[in-house]
Amino acid sequence: MRGKSLLERNGIRGFVSRRTDEGIKNGCGYCLIVASDYERSERLLRSAGIHVRGQQWIEDNR
Amino acid sequence: MSSKAKSEATIYFDNAATTWPKPHAVREAMRRAMTIYGANPGRSGYSMGMATSEAVYRCREAAAEFFHMNNPANVVFVQNCTLALNIVLKGVLRHGGRVIVSDLEHNAVMRPLHAISPFMPVYDSAKVTPGDTQATVEAFRRCIKPGTRAICCLHASNVFGVRLPIRELGELAHQHGLLFIVDGAQTAGVLPIDMQRDNIDFLCVPGHKSLYGPMGIGMLLCNTDVLLPSLYEGGTGSRSAELDQPDELPDRLESGTPNVVGICGLNAGMNFVKEKGIEEIAGEENERMARVYRYLEGHRGIELYTPSPDLSYAAPIVAMNITGRISEDTAQALSRSGIAVRAGLHCAPSAHRRFNTINTGVVRLSPSVFTTEQDVDRFCRAIRRELH
């Protein structure tokens, strides 16, 4: 939620979703999904001290 | 019922214990939370669970902004201010050391300290000189010794309203490498608290007093990298495969299902205070108490213990007695006139020893934003009847 709020304040829309991989066991159990500004998003999150455990590309099949 | 609606029979002057009535917005936020935030936050991915998580996080953000703290994740929700103080004091002193407290502290500070070491006190007590910042800071400075880990003090006395110079005490603490812990029970929402400016490392606040939230919710705000141990452990929704409690805040200090309804009420309460304005609230409350004080000081047979309330050195509280009567008798008599005041020792025996009221207690009047001049006048009439 903190990451989502941070990105929104910087003009990046994101949404939080439940993770289905190892993050459930070892992390907070959630991931933050953004549709653009991927690298900037990660920089913003890291600079705010938010631990980014990894990134994953999700296919948009619409 | 409107937010101004009160029982016809009761004039409520016990707001330093719990503010009442609560604003309409608070009651409505809680009703709404019961209806739409019915799932556990931070555990699931379905829409009601996510919405609940967002509602809880919004309150963290609001609290961080309210008390001028950078990281909303460092806002920890707890049951009340007492639990927050227990977590901090028992955490800071877990490997030994001492704490400096004031001579006006509440049992929420003194009993945890006593429990840590019943036979060998782990605290040094500094004498507060009301209205004299320099003398008070010097008294705290004289208590610093090898092994001192922190200064822990209330922002204002819950009995006599005496306000402590927290900004200067925070400076003193940091000059000497000490942690600064503030018990904001009596002031959060009625006097400004800026954790950055006031050098506060840990701020403990209740939700149910001047933040106008419900009972059963409070906050511990952590403005330091010092990681406190958990006082209790359990499910957090994070790192669930590990037996160790997570290091990250707020999870480290927040196990089990949180009080979502209380959190939503607290958020609405903080918003109410923000919209009304802390300075305006404090000004109005102080005016009411100054009116009480002016009436009381003009009567023989009334004992007062402090100068007339003045926000520069006091929170808006009046402590009084009728000469020759113990405070509980006066409170009983006032209760028969429909006036609710708190008498006795107010869980603060240190403050009563300091003001020589340990045997009689005092009658304490404390207003809220809903206290009117008419309420004050009705109290004054009731006191007049008791004097004659």
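These numbers come from a predicted model, not from an experiment. In what follows, chains carry the letters A, B, and so on, assigned in the order in which the sequence lines appear, proteins first and then strands, with residues in each chain numbered from 1.
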Pairs of heavy atoms under 4.5 Å with chain A: top-ranked of B:Asn71, B:Asn70, B:Asp251: B:Asn71
Note: B:Glu254-B:Arg60 ion pair, threshold 4.0 Å (strictly below): yes
A:Tyr30 six-ring face occupied by A:Arg18 cation (under 6.0 Å, within 45°): yes
Among B:Gly49, B:Pro246, B:Ser44, residue most engaged with chain A (heavy-atom pairs, under 4.5 Å): B:Ser44
Pair A:Arg43-A:Ser47, side-chain donor/acceptor within less than 3.5 Å: no
Closest non-hydrogen atom pair, B:Leu85 against B:Cys152: CD2-SG, 4.4 Å
B:Glu61 portion near chain A, given a 4.5 angstrom heavy-atom threshold: side chain
